[in-house]
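Note sheet for the following structure.
Convention: sequence-line order gives letters A, B, ...; per-chain numbering from 1. Model, not experiment: these values are computed from the prediction.
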There are 2 protein chains.
Amino acid sequence: MSSSKRSRPSKPGRAASISDVARESGVSIFTVSAVVNNKSHVGKTLRERVENAIRKLNYRPNLIARSLIKQKTQTIGMIVPDIVNPFFPMVVRGAEDAAQKQGYNLLLCNSDDSLAKEETAIELLLSKRVDGILLTKAAGEFSPALHKTIQEVNIPFVLVMRTYPTLTKDAVITDDYQGAYEAVCHLARAGRNRIGLISGPLRISNAKERWRGFRDALEEKKLPYEPELVVEGDYRIESGFRAGHALLSHRPDGIYVANHLMTIGLLQAVEEMGLKCPEDFGLVSFDDYPWLGVFRPRLTTVELPKHQLGSEAAELLIQRIGGNHGKPVLKKLLPELRIRESCGFAQFVSAEHRRAAPSEPSDASLVNK
Amino acid sequence: MSSSKRSRPSKPGRAASISDVARESGVSIFTVSAVVNNKSHVGKTLRERVENAIRKLNYRPNLIARSLIKQKTQTIGMIVPDIVNPFFPMVVRGAEDAAQKQGYNLLLCNSDDSLAKEETAIELLLSKRVDGILLTKAAGEFSPALHKTIQEVNIPFVLVMRTYPTLTKDAVITDDYQGAYEAVCHLARAGRNRIGLISGPLRISNAKERWRGFRDALEEKKLPYEPELVVEGDYRIESGFRAGHALLSHRPDGIYVANHLMTIGLLQAVEEMGLKCPEDFGLVSFDDYPWLGVFRPRLTTVELPKHQLGSEAAELLIQRIGGNHGKPVLKKLLPELRIRESCGFAQFVSAEHRRAAPSEPSDASLVNK
DNA sequence: GTCGTGTTTCAAAACGTTTAGCTGCGCCTG
DNA sequence: CAGGCGCAGCTAAACGTTTTGAAACACGAC
């Protein structure tokens with residue numbers, strides 16, 4: 001049954017190759033390939049012979065060889081600043097879920113927000129011939145050489161959570177303006193009329209967007225913009241603490257904080273100053289995490305759709321890979337206002353929450369170490 | 001200068017290949033390859049001609065082709081239950097750092113702790129011919145077929161944070177026994193002598209190890225083992241809350257909690273019962289995260305070396321890839337007791353901490369959204 | 001008998017590298 | 001000047017697939 005053709009003998013230490021299967025079952029390589037990719041018409045007897053040989057040899061197609069000839073790796077590269085930053089795991093997960101669904105895998109790189117590491121990573125991914133790249137760009141511009149490469153190379157890029165004016169590529173971002181706007185409107189609806197802001201560094205685009213949303217919401221609600229109620233922080237806990245002290249000394253009755261870490265800092269300041277959260281002032285924070293569920297009062301936050309951010313970016317990228325050329329798209333995802341207790345709707349909200357677990361979204365993903 | 005040999009013409013839409021460079025610079029493929037891998041002896045003039053051509057064509061070696069012939073992909077597969085589980089990002093990061101350092105990349109998969117997804121992922125990684133696999137095994141056993149495959153296939157596996165008796169492979173885990181032991185000894189040193197335990201599910205091996213450490217430490221310190229002071233939870237917030245109520249009703253003066261989520265639950269119970277932490281009882285928690293820095297009192301915890309877990313696993317794997325065969329190794333990493341305030345050493349510890357930022361390890365990695 | 005048509009199978013080229021083996025060539029040595 | 005030895009560079013095989021074009025064969029129709 002075997003050993004008809006003069007195909008190469010199988011190497012000892014190696015995994016079985018298609019020609020091993022062919023030899024074992026006495027057919028040509030072509031036929032094996034046809035069976036593996038279950039092409040239409042292979043005779044029943046041959047098909048069975050081949051299938052037996054595949055099982056016997058524990059044959060597994062070599063996707064490297066397939067990639068080489070098909071010029072497709074079914075792999076997408078993803079570069080994030082740091083997977084340890086709690087913002088990103090969910091984004092990566094979203095991208096992986098979407099990619100997986102369409103038969104793609106994720107090659108992950110961390111840039112540490114360093115341009116040099118980012119360049120190395122991109123070069124590497126290009127050399128590995130990934131089919132496309134999801135990039136959360138590090139701060140700063142590409143080197144001219146890399147910029148040229150990116151424009152010329154014909155693999156698609158999709159920017160995640162960043163846009164760069166000099167780079168006309170697809171991007172998927174969150175609508176930070178809208179998120180901030182809603183946050184402030186919610187405070188206003190809750191009857192607050194001296195609303196303060198703890199902002200991120202205004203040179204960063206998303207901080208600026210959040211500030212714009214804050215300002216426009218005040219205007220919309222015909223509330224005064226009081227400059228002493230706007231404090232610029234740097235997105236870290238410590239700066240939230242300091243900004244909190246500064247801001248609270250002016251006794252606002254509502255605060256919107258542009259990031260969850262500064263909220264944590266703020267709450268420490270609140271404790272020190274002996275103030276009470278929903279009673280003395282309403283609070284809306286930005287970006288939500290399961291562990292925030294342990295804070296009292298439960299925080300009303302504007303949640304950024306992190307999973308969706310990753311999945312939509314991956315889907316868009318895969319569309320591009322599939323040949324959908326056309327104008328670059330800028331996709332803005334809407335954040336979601338999660339009303340809990342920190343604005344003073346406690347009685348209503350807590351009733352609703354008592355039915356659910358203490359922290360939501362479910363902390364199921366946190367278990368098992 | 002060009003067009004001497006009868007090499008194939010370059011395809012239009014494609015990236016430049018080595019033969020394009022050869023044609024452009026009028027040398028053979030061999031010479032280009034030698035220049036790219038800067039092999040020893042290529043004449044200076046030729047080398048420069050080739051280098052110019054490489055720049056001109058923006059040539060980038062195709063690592064797919066290289067992998068095919070070298071039978072090495074310089075890629076390692078990593079399977080974790082869920083990157084969104086906060087335990088894993090740091091482990092993945094550790095693996096990536098170590099891999100990167102040695103010229104390897106990480107292909108990441110999530111198994112959701114499902115055996116089926118785990119199998120699919122492993123099959124895929126094998127087909128992609130990764131050089132090795134880092135696996136945090138999902139609960140349960142491999143299917144017989146897969147088990148056989150894994151034993152026969154000659155790519156190395158290293159288990160991360162798991163060991164399986166039926167699978168004789170390398171493993172890198174944390175020494176949970178030792179961590180628990182130290183935690184309880186610390187409580188004893190702080191003068192506590194009625195120490196309770198909130199344990200994980202005892203069918204899980206690491207929960208059992210932590211329980212053993214707890215019990216042996218009591219014995220060592222000649223303290224009584226009081227069964228009503230041991231409560232089994234399920235590693236979730238809610239169960240910590242319930243266990244806390246049950247446990248505190250017996251008025252222990254020290255508590256060791258086997259996981260950080262249950263600690264969060266416990267602290268809610270503490271608040272409800274009107275107890276105070278270092279005053280009424282000492283507390284040591286397990287596993288540390290930056291955001292725990294915002295709890296008051298600052299928690300004394302046993303930190304698992306997550307980054308090291310990933311990096312040591314990757315290093316071991318790469319050693320195996322490099323051909324270091326030999327008996328499977330079981331590497332236990334020592335956890336680190338981080339003494340803060342929740343055991344009653346407040347005055348000493350807080351002085352030391354006042355110099356540093358409010359939460360440590362540094363929250364630098366948390367910024368920028 | 002010849003021609004077309006369709007089915008099943010095959011041989012060989014292609015993908016972009018690395019590398020073993022070989023060819024000249026210049027230089028040294030006797 | 002013959003022989004040997006490096007050196008620089010080349011040719012061609014190999015890696016494991018997919019896929020093109022064609023062969024072999026059967027079956028009817030003319």
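- Distances were taken from every side-chain heavy atom of A:Ala65 (C-beta onward) to each of C:dT18, C:dT19, D:dT17; the shortest belongs to D:dT17.
- In this structure, the CZ atom of B:Arg66 is 18 Å from the P atom of D:dG16, given to the nearest Å.
- Taken residue by residue, residues 52-61 of chain B places heavy atoms nearer than 4.0 Å to DNA chain C at B:Tyr59, B:Arg60, B:Pro61.
- To the nearest 0.5 Å, atom NZ of residue A:Lys56 and atom OG of residue A:Ser25 are 10.5 Å apart.
- In this structure, B:Lys70 and A:Leu68 both approach DNA chain C, and ranking their closest nucleotides by distance from the 5' end singles out A:Leu68.
- Annotation: salt bridge (charged side-chain N to carboxylate O under 4.0 Å, His left out) contacts of B:Glu118 (sequence neighbours excluded): B:Lys137.
- Between C:dT18, C:dA11, C:dA14, one nucleotide has an atom nearer to the side chain of B:Asn37 than all others, and that is C:dT18.
- When the side chain to side chain donor-acceptor pair (under 3.5 Å) test is applied to B:Gln308, the partners found at least two apart in sequence or on another chain are B:Glu312.
- To the nearest angstrom, P of C:dT18 lies 13 Å from CD1 of B:Ile64.
- Which of D:dG9, C:dC10, D:dT17 sits closest to the side chain of B:Phe30 comes down to D:dG9.
- At least one donor-acceptor pair closer than 3.5 Å links the side chain of B:Ser67 to the backbone N or O of B:Lys72.
- Between the B:Gln74 side chain and the B:Gly103 main chain, a donor and an acceptor come within less than 3.5 Å of each other.
- The interatomic distance linking A:Ile18 (CD1) with C:dA12 (P) rounds to 17 Å, in whole Å.
- Listed pair B:Ser19 / C:dG16 fails the phosphate criterion, with no side-chain N or O lying under 4.0 Å from OP1 or OP2.
- Nearest heavy atom pair, residue B:Ile83 against residue A:Pro89, reads O-CB, 3.4 Å.
- Between A:Lys39 atom NZ and D:dT20 atom P there is a gap of 9 Å when expressed in whole angstrom units.
- In terms of modelled atom types and a separation under 3.5 Å, the side chain of B:Asp131 and the main chain of B:Ile76 share no donor-acceptor contact.
- In this structure A:Arg93 satisfies the salt bridge (charged side-chain N to carboxylate O under 4.0 Å, His left out) test together with A:Asp97, B:Asp82, B:Asp112, sequence neighbours excluded.
- In this structure, A:Thr75 contributes its side chain and A:Thr73 its backbone to a donor-acceptor pair below 3.5 Å.
- Contacts of B:Leu46 with the nucleic acid, taken as non-hydrogen atoms under 4.0 Å apart, involve only primed sugar atoms and P, OP1 or OP2.
- When the side-chain nitrogen and oxygen atoms of A:Gln71 are compared with OP1 and OP2 of C:dA14, none of them lie within a distance under 4.0 Å.
- Under the side chain to side chain donor-acceptor pair (under 3.5 Å) criterion, the residue pairs touching residues 139-158 of chain A are A:Glu119-A:Ser143, A:Glu141-A:Thr166, with sequence neighbours excluded.
- Atom NZ in B:Lys72 sits roughly 24 Å away from atom P in C:dG16 (whole-Å rounding).
- Residue A:Ser28 has its side chain nearest to C:dC10 when only C:dC10, C:dG16, D:dT17 are considered.
- In this structure, the CD1 atom of A:Ile69 is 12 Å from the C1' atom of D:dC15, given to the nearest Å.
- In this structure, the helix from C:dG1-D:dC30 to C:dG30-D:dC1 shows an angle of 70° between the axis at its start and the axis at its end, each fitted on 5 base pairs and rounded to 10°.
- Going from atom NZ of B:Lys128 over to atom P of D:dG16 covers 18 Å, rounded to whole Å.
- Comparing B:Arg129 and B:Thr45 by the nucleotide of DNA chain D that holds the closest heavy atom to each, the one mapping nearer the 5' end is B:Thr45.
- Across all strands shown, B:Ser33 has heavy atoms under 4.0 Å from base atoms, whether or not it also approaches the sugar-phosphate.
- In this entry the distance linking CD1 of B:Ile29 with P of D:dA8 reads 21 Å, nearest Å.
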